[in-house]
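A short write-up of the structure that comes next.
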Amino acid sequence: MPEGHTLHRLARLHQRRFAGKPVEVSSPQGRFAASASLVDGRVLERAEAHGKHLFHVYGPDATVHVHLGLWGTFAELPLPVTTPVGQVRMRLVGPTHLADLRGPTRCEVLTDDEVAAVRARLGPDPLRRDADPARGFARISRSRVPIAVLLLDQTVLAGVGNVYRAEVLFRHGVHPLTPGNRIDSALWDLLWADLVLLMREGVRVGRIDTVRPEHLPEATGRPPRQDRHGGEVYVYRRTGQPCLICGTPVAASELSGRNLYWCSTCQPE
DNA sequence: GATCTATGTAGAT
DNA sequence: TCTACCTAGATCG
């Protein structure tokens, strides 16, 4: 689940459910208990996301910072309060709903200065209005590192994960090993605009869909994708299956410890 | 029941 | 480049 769109969707949801009201914050599992007591019962001022980071702002002295990592999830339930199931790191209880956080890589209370330090390390986020894509291009155009690695570097761009990386490179016919300094500014503008489009749609529908209408199962007669992550994609986790455009089996390898997927015909070196 | 895997990142080597 | 870490669902035997 957790690429940037997931966090922005959660921020939006938490803003609606909890902001402006006192919230009960607890840690049924216990690992967040001491920090939860710092914000328990206070009014949640606002929820916002930057890249894959979620912030629950209670005041200048206390913002809950959540990073879901690979496995983290937030589950929302309507009241009444029920017994927590599984390992619930943080539970928020508001006037109408509760939210249970499981498996985050990060869940901590920070001061405004500490939040600023976290955010200072993040590159422009295609889902934020205040994002400056030129900052991302400045890094990319100076680097010989493969574009596939740069896109996942959160100090270059914030919020892009393995699915959006694979899909945006496919949609623009860019080979993943292309060095950053071979990406010209016109191509960068296209990649950025496409990330904005795809990720906004991801926030809207709650899953990652990147396939153009003419290549969808309904248009081509192929069976829809059955995958835990749910959306329709061109190459992500489609190793060995025919490319939706040219039929070449989708290639896969590992790069910097992450799975990489591409079409060797549509994305030539 | 055991094992594998994942949309992520930090820190050690 | 490696390892550790957080969790739950899918798959294997």
Side-chain angles (χ1 to χ4, degrees), chain A residues 1-11 27-33 35-36 49-55 64-75 77 84-91 99-108 110 114 117-123 125-127 145-146 148-171 176 195 198-211 225-240 250 252-262:
Chain A
M1 298 281 278
E3 297 196 19
H5 70 301
T6 303
L7 282 301
H8 281 264
R9 190 174 164 85
L10 284 169
S27 180
Q29 171 206 53
R31 290 186 47 180
F32 180 63
S35 300
H50 188 153
K52 300 169 189 170
H53 299 252
L54 176 66
F55 300 99
V64 175
H65 169 225
V66 173
H67 195 295
L68 295 178
L70 259 186
W71 308 301
T73 57
F74 258 108
L77 297 168
V85 176
Q87 298 290 306
V88 176
R89 182 77 59 86
M90 175 171 72
R91 168 170 276 192
D100 280 346
L101 170 64
R102 296 183 177 80
T105 204
R106 213 67 179 216
C107 177
E108 60 192 352
L110 302 180
E114 292 168 324
V118 170
R119 294 190 51 179
R121 291 197 296 269
L122 297 175
D125 175 351
L127 288 171
V145 169
V149 173
L150 293 168
L151 289 179
L152 284 193
D153 182 337
Q154 301 297 298
T155 68
V156 174
L157 271 194
V160 174
N162 209 2
V163 183
Y164 284 120
R165 147 174 103 167
E167 295 299 306
V168 79
L169 291 176
F170 176 87
R171 282 166 58 98
L195 285 169
L198 292 173
M199 294 176 75
R200 281 188 183 163
E201 181 66 5
V203 174
R204 196 176 70 77
V205 302
R207 60 180 224 178
I208 299 177
D209 289 310
T210 61
V211 176
R225 176 187 177 82
Q226 293 296 324
D227 189 291
R228 214 174 354 147
H229 108 273
E232 286 293 337
V233 291
Y234 282 106
V235 291
Y236 176 72
R237 275 170 66 111
R238 291 193 64 246
T239 315
V250 171
S253 70
E254 209 178 276
L255 181 64
S256 299
R258 305 299 305 279
N259 293 324
L260 182 66
Y261 307 88
W262 75 100

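Below, chains carry the letters A, B, ... as their sequence lines are ordered, and counting in each starts from 1.
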Could you give the [atom1]-to-[atom2] distance, from [X] to [N], as a whole number of Å?
X	N	atom1	atom2	value
A/H65	B/dG8	NE2	C1'	12 Å
A/E254	B/dG8	CD	C1'	14 Å
A/R89	C/dA8	CZ	C1'	14 Å
A/Y164	B/dA6	OH	P	19 Å
A/L7	B/dT7	CG	C1'	11 Å
A/L152	B/dG8	CG	P	7 Å
A/Y236	B/dT7	OH	C1'	5 Å
A/L54	B/dT7	CG	C1'	16 Å

Closest heavy-atom contact between [X] and [Y]?
X	Y	value
A/L152	A/V160	CD2-O, 3.7 Å
A/P176	A/P146	O-CB, 3.6 Å
A/A252	A/Y261	CB-CD2, 3.9 Å
A/V233	A/I208	CG1-O, 3.9 Å

Where DNA chain B forms stems, i.e. three or more consecutive Watson-Crick or G-U pairs with both distances under 3.5 Å: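 For DNA chain B the paired stretches long enough to count as stems (3 pairs minimum) are B:1-6 with C:7-12, B:8-12 with C:1-5.
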
Rounded distance in Å between the P positions of C/dG13 and B/dT5: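 These two P atoms come out 13 Å apart once rounded.
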
C/dA4 to B/dC4 separation - P atoms, rounded to the nearest Å: 16 Å

Sugar-phosphate, base or nothing in reach of A/E167, heavy atoms under 4.0 Å: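 Here A/E167 touches no strand at all.
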
Side-chain N,O (A/K52) to OP1/OP2 (B/dT9) below 4.0 Å: yes

Under-4.0 Å side-chain N/O to phosphate OP1/OP2 contact, A/H67 with B/dT9: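 For B/dT9, OP1 or OP2 has a side-chain N or O of A/H67 closer than 4.0 Å.
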
Contacts under 3.5 Å, N or O only, protein and nucleotides 10-13 of chain B:
none

Within the 4.5 Å heavy-atom criterion, are [X] and [Y] side-chain neighbours or not?
X	Y	result
A/L260	A/R165	yes
A/V64	A/F32	yes
A/P104	A/F74	no

Of A/D125, A/V66, A/L54, the residue whose pairing with A/L7 passes side chain to side chain contact (heavy atoms under 4.5 Å, CB included): A/L54

Residue A/Q87, side-chain heavy atoms: nucleotide from B/dT5, C/dA8, C/dC5 that is nearest: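 Of the candidates, C/dA8 comes closest.
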
Side chain of A/N259 (C-beta onward), nearest among B/dT7, B/dG8, C/dA8: B/dT7

Flag, side chain of A/Q154 to backbone of A/G51, donor-acceptor distance under 3.5 Å: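 A pair under 3.5 Å: no.
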
Pairing residues for A/H67 by the ring-ring contact (aromatic ring centres under 6.0 Å, His included) criterion, not counting sequence neighbours: A/H53

